[in-house]
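Proteins get letters first, then strands, A, B, ... in listed order; numbering begins at 1 in each. Remember, predicted model here, so these are calculated numbers, not experimental data.
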Protein chains: 2
Amino acid sequence: MKLGDGVEQAIHSVTMLSCLQPGSTLSAAALAEFHGVSTSYLLKHLQAMSGAGLLEAVSGPKGGYRLARAPEKITLLDIVLAVEGPEPAFRCNEIRLRGPNPYTCKPAAPCTINVAMLRAEQAYRAELRRVTVAGIIADLKTIDGDGAIAARTNGFLALHERKSGTAA
Amino acid sequence: MKLGDGVEQAIHSVTMLSCLQPGSTLSAAALAEFHGVSTSYLLKHLQAMSGAGLLEAVSGPKGGYRLARAPEKITLLDIVLAVEGPEPAFRCNEIRLRGPNPYTCKPAAPCTINVAMLRAEQAYRAELRRVTVAGIIADLKTIDGDGAIAARTNGFLALHERKSGTAA
DNA sequence: GAACTGTTACTCGGATAGTTATTGTCCGAGTTGATTAGG
DNA sequence: CCTAATCAACTCGGACAATAACTATCCGAGTAACAGTTC
């Protein structure tokens, strides 16, 4: 039961990408520099999210990443599944069927333990599905009373945002 | 987001231990043989649960493991935490504080992302807390119409159960 | 001066090593039961 | 025949390798901007 560190990087990156103006992009190098993490490793997760349809990648100079959907349409679950993979955390190996005396044929009876674990994980995912990137930004603004966080983000974006005229 | 295979083994072992009569024990070797897994590796998790206060270990010949509490008092969450460790799956490394322009001092504002992830994990744990070992057995009996599963378990227990007169 | 073309530099993308956590295994300490000698 | 000490075997407990996953990195393919050239 451990999530990789890449999940945090991915969520923060998406959060930051949601702060820039429509059509603009931000390079992976800038995102990595802002968060103080490895550029190449962050790229790995950005690519995963790009493949999952969460982000759009723009090649060439003045290129970078940009959100493929509105922040209201991106949930934490989308990000976690894109980075960590869609398979559930608990996978039943059916060890009850192994051993010296396996069931002759019992395909109809599901493993009760597997059902319980999957139900718990569905609750976990449902909770993550309730949180959107837009909601995170809203909560952040509520906390950021003096605007220090927003000022820092905007200051960095002013230097690295790519207002390429490719779209809109 | 992946749980170790040991969790499944641990839950199945606890479920089986709950089927034997009060005071009796079952050796780790028997549990491993029944489930067709490595004995030494299963021991590792049985020890963890013993240290967590879920199981009681009896040394010497005719020894083995036995439940330390009633099946109604043991939840899936207890087992998962004992095996996988109590630390949460998502740990915030505060990467927002890193980078070229960290906050000068902002300890009061919590990381919104961390809060959301932890809340989801609490939902996950709450769901696991609702499921007790006794409940699993009850559900199993409901499914096991012809009694094939119970017959197999009882047959194995008749051979390997240790009705040591150590306790009650 | 404007348009076209070639170059160039910058981007993402996937394939490649290093490190850590998980899985699997082994041997030693402790304890109980049986055995055996003595009363 | 009963009792007690001794022996032995079986158990759990923690320390030790092998494997897989995660982390970090490098180089190549592609693309858009820029500079130079030509009309």
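Remark: C1' of C:dT22 and CZ of A:Arg91 are 11 Å apart, rounded to the nearest angstrom. The distance from atom CD of A:Glu84 to atom P of D:dT23 is 8 Å, rounded to the nearest whole Å. At whole-Å resolution of the value, OH in B:Tyr41 and P in D:dG14 are 16 Å apart. In this structure, A:Arg66 places its CZ atom 13 Å from C1' of D:dA32, rounding to the nearest Å. In this structure, NZ of A:Lys2 is placed 8 Å from C1' of D:dC22, rounded to the nearest angstrom. In this structure, the CG atom of A:Asp5 is 13 Å from the P atom of C:dT20, given to the nearest Å.
A:Phe34 and A:Phe156 have tilted rings, their planes meeting at an angle from 30° to 60° on a 0 to 90° scale.
Of the N and O atoms on the side chains of A:Asp78 and A:Thr75, at least one donor lies less than 3.5 Å from an acceptor on the other residue.
Linking ILVMFWY side-chain heavy atoms closer than 4.5 Å, directly or via other members, places A:Leu17 and A:Leu77 in a single hydrophobic cluster.
You'll find the side chain of A:Leu67 reaches within 4.5 Å of the side chain of A:Leu55, heavy atoms only. B:Glu161 is listed as a side-chain neighbour of B:Gln21, based on a closest heavy-atom distance under 4.5 Å.
Formation of a donor-acceptor pair under 3.5 Å by the B:Asn154 side chain with backbone atoms of B:Ala150 is found in this model.
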Checklist outcome for this item: Reading nucleotides 9-16 of chain C from 5' to 3' and marking B where a protein heavy atom lies under 4.0 Å of the base, S where only the sugar-phosphate is that close, and - otherwise, the string is -BSSBB--

